[in-house]
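Taking it in order: structure first as structure tokens, then the write-up.
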Amino acid sequence: MSTTFTASPLSPAKSRPNEAIAKETPPPFPFSLLTKCTSLRQLQQLHALAIKSRLQHHPPLLTKLITSCPPSAMDYARRLFDQIPDPDVVLFNTLSRGYSRSDDPIQSVAVFARMLDAGVGPDDYSFPTLLKACASAKASEEGRQAHGAAVKLGFADNIYVLPTLISMYAECGELNVARALFARTDGRCVISYNSMITACVRSSRPSEALALFRELQAKGLEPTDVTMLSVLSSCALLGALELGKWIHEYVRKNGFGSFVKVNTALIDMYAKCGSLEDAIGVFGDMGSKDTQAWSAMIVAYAIHGHGSKAISLFEEMLKEGIKPDGITFLGVLYACSHSGKVEEGLGYFRTMRGRHGVIPGIKHYGCVVDLLARAGRLDEAFEFIDGLPMQPTPILWRTLLSACGGHGDVDLGKRAFERILELDDTHGGDYVIISNMCASDGRWEDVNRIRQLMSERGAVKVPGCSSIEVANTVHEFFSGDGKHPQSEAAHRMVDEVVERLKSVGYVPDTSRVFHVDMGEEEKEASLRYHSEKLAIAFGLINTPPGTTLRVVKNLRVCGDCHSMAKMVSMAFDREIVLRDLNRFHHFKDGLCSCGDFW
DNA sequence: CAAATAACCG
């Protein structure tokens with residue numbers, strides 16, 4: 001698929017008297033091709049042309065060549081750079097920016113140091129570039145040193161530097177430092193607001209982000225497209241559809257409706273707030289659509305369980321001549337694994353590198369593991385992880401572990417669990433899965449060992465929490481607690497629902513209850529008041545008959561709640577849209593859109 | 001050439 005550049009026509013007519021003169025005149029250099037350069041090969045072709053055009057020592061051209069270097073070709077960029085005798089600050093910045101986008105961003109720090117050694121002073125863009133590199137490398141120590149240097153050289157309050165400082169600290173997990181820096185700004189600069197709002201989003205604090213947005217509005221500052229991106233992302237995190245719709249209106253009224261990225265964020269927001277129809281609407285209304293917009297729509301179909309739609313959209317995208325990127329493939333692979341299309345998924349995975357020039361990364365491998373494991377091809381998944389060209393992350397083993405849980409393969413599950421232990425990065429959920437597996441297999445000694453291990457390693461079980469938006473207010477319920485003002489009523493409603501469903505054949509599935517030392521009744525009780533059941537019951541009480549219930553849960557939905565929700569959708573004639581940790585379940589007429597494959 | 005959406009498992 002890669003395009004090859006052809007040189008401008010430069011062969012002069014052969015038998016002309018002025019042939020000698022024509023040879024003297026170097027061929028013109030095709031500057032317009034520079035920005036279209038996407039691979040090392042194209043870059044080398046351009047460099048060759050530059051030499052033919054006798055421009056190889058021309059600093060602006062070398063700078064442009066370095067700027068055009070794809071992130072994977074930084075060695076080449078470095079060689080070009082080293083040919084320049086006295087690089088100026090712009091050139092140092094260019095090289096530094098190249099590294100900050102590569103997979104070795106920390107190299108920017110060395111470039112910056114070399115610049116200072118060479119006696120070249122930084123300009124307004126040197127620190128932002130350096131700090132961006134520290135942020136993407138999550139190098140907080142280097143980031144702090146860069147901050148120190150910025151203070152020393154008088155750049156710390158620079159309007160270009162301050163927002164980057166804020167986002168660097170946030171990216172390095174130091175939201176408090178970011179907040180403190182933001183507080184020192186006079187709050188008159190939208191860009192600083194943007195970086196602080198984005199910092200909150202990146203640290204999963206959507207409510208704080210929205211509060212800052214309201215503050216910005218109250219001050220009469222004009223939000224930018226970037227503000228809208230972060231605000232929409234906050235709505236997506238919260239799953240707050242009503243608020244999201246309001247922001248959509250705001251976007252339209254304030255002239256952001258034609259921004260491709262804002263529309264892409266709208267697609268994502270609607271998809272994550274459970275309204276696939278609205279996402280489709282935004283996508284359909286977009287005038288021009290880039291790779292990201294198509295990807296967002298593919299992911300939207302995928303998380304709603306519409307695997308075939310996601311795939312046909314991908315094919316349509318290819319027909320339109322839009323180049324897929326790594327994220328497009330994550331969407332496609334995700335769609336396949338969540339709808340059981342194993343062979344299709346593997347097929348797409350194999351075309352990534354050759355046909356589309358997209359190098360698979362660890363997340364793509366993760367999708368393949370999920371693809372195989374979810375479909376029950378557990379041994380293959382295990383071998384696949386072991387044969388990877390890179391060190392697997394705990395996530396890959398966790399994917400396998402969770403699938404082993406679903407398919408009841410205790411022995412393989414234990415092996416996967418051990419790999420997570422070796423990597424010393426266990427989550428509470430890992431212990432829950434393996435312990436439940438051992439429990440349902442009657443391996444009580446193992447269960448006790450696992451629980452002991454869990455407390456030794458200080459892992460904690462994340463409490464289940466579900467929320468439901470009723471009349472523009474988000475109500476939160478935790479499993480079994482009584483904190484919500486209407487908790488009593490919700491509990492009683494659950495009792496009522498359970499009784500009614502039992503009469504139509506519902507049997508509580510207590511086989512996977514975590515606690516071993518419980519009697520059957522206690523187990524049923526702990527299951528009965530799972531947070532999603534409370535939220536659904538609350539919705540049944542507080543909304544008129546027929547209203548769709550939209551519930552967001554912080555963990556994966558459990559099997560018992562899943563089957564109960566199906567029955568509620570039938571017995572109470574309600575649609576229920578339940579957002580899991582990472583996907584949606586649409587319950588209607590006793591069935592779920594996931595087809596019980598999740 | 002500052003701020004930046006989309007992202008595998010739980």
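Labels below follow one simple rule: chain letters A, B, ... track the order of the sequence lines, proteins then strands, and each chain is numbered from 1. What you see is a predicted model, and the numbers here were worked out from it, not measured in a lab.
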**OP:** Mind checking A:Ile362 for me? I need base, sugar-phosphate or nothing, with any heavy atom below 4.0 Å counting as a touch.
**Re:** base

**OP:** Return yes if some donor-acceptor pair links the side-chain N/O of A:Asp580 with the main-chain N/O of A:Arg583 below 3.5 Å, else return no.
**Re:** no

**OP:** For the side chain of A:Ser402, starting at C-beta, report the closest nucleotide among B:dG10, B:dC8, B:dA3.
**Re:** B:dG10

Subject >> Closest listed nucleotide, where the reference is the side chain of A:Ser233 and the choices are B:dG10, B:dA2, B:dT5 >> reply: B:dT5

Subject >> Atom-to-atom span, CG of A:Leu229 to C1' of B:dA4 - whole angstrom >> reply: 6 Å

Original post:
Does A:Lys461 make a cation-pi contact with A:Tyr431 (under 6.0 Å, within 45 degrees of the axis)?
Top reply: no

Original post:
Charged N to carboxylate O under 4.0 angstrom, A:Glu343 versus A:Arg377?
Top reply: yes

Original post:
A:Arg374 side chain N/O closer than 4.0 Å to the phosphate oxygens (OP1, OP2) of B:dC9?
Top reply: yes

Original post:
At under 4.0 Å between heavy atoms, what does A:Thr164 touch on the DNA or RNA strands: base, sugar-phosphate, or nothing?
Top reply: sugar-phosphate

Original post:
Which is true for A:Ile298 with a 4.0 Å heavy-atom rule: it touches a base, it touches only sugar-phosphate, or it touches nothing?
Top reply: nothing

**OP:** Just call it for A:Tyr125: base, sugar-phosphate, or nothing, with non-hydrogen atoms closer than 4.0 Å on any strand.
**Re:** base

Original post:
Which nucleotide in the list B:dT5, B:dC9, B:dG10 gets nearest to the side chain of A:Ile433?
Top reply: B:dG10

**OP:** Classify the nucleic acid contact of A:Lys553 as base, sugar-phosphate or nothing, counting any heavy atom under 4.0 Å across all strands shown.
**Re:** nothing

**OP:** Identify whether any heavy atom of A:Asp370 sits under 4.0 Å from a base atom; if not, whether one sits that close to sugar-phosphate; answer base, sugar-phosphate or nothing.
**Re:** sugar-phosphate

Original post:
Any side-chain heavy atom of A:Leu210 sitting closer than 4.5 Å to one from A:Leu243?
Top reply: yes

Original post:
Taking only N and O in the side chain of A:Lys272, is any of them less than 4.0 Å away from OP1 or OP2 of B:dA7?
Top reply: yes

Subject >> Any A:Lys132 side-chain N or O less than 4.0 Å from OP1/OP2 of B:dA3 >> reply: yes

**OP:** Between B:dA6, B:dA3, B:dC9, spot the one nearest the side chain of A:Ser167, thanks.
**Re:** B:dA3

Original post:
For B:dC9, does OP1 or OP2 lie under 4.0 Å from any side-chain N or O of A:Asn582?
Top reply: yes

Original post:
Does the ring centre of A:Tyr348 sit less than 6.0 Å away from the ring centre of A:Phe329?
Top reply: no

**OP:** Just call it for A:Leu555: base, sugar-phosphate, or nothing, with non-hydrogen atoms closer than 4.0 Å on any strand.
**Re:** nothing

**OP:** Ignoring backbone atoms, test whether A:His338 places a side-chain nitrogen or oxygen under 4.0 Å from the OP1 or OP2 oxygen of B:dC9.
**Re:** yes

**OP:** Could you work out which one of B:dA2, B:dC8, B:dA3 sits closest to the side chain of A:Ser195?
**Re:** B:dA3

Original post:
Between atom CG in A:Asn158 and atom P in B:dA3, what is the gap in whole Å?
Top reply: 12 Å

**OP:** Scan A:Arg556 against the nucleic acid and name what it touches under 4.0 Å (heavy atoms): base, sugar-phosphate only, or nothing.
**Re:** sugar-phosphate

Original post:
When you measure from the side chain of A:Val226, which nucleotide among B:dC1, B:dA7, B:dA3 comes out closest?
Top reply: B:dA3

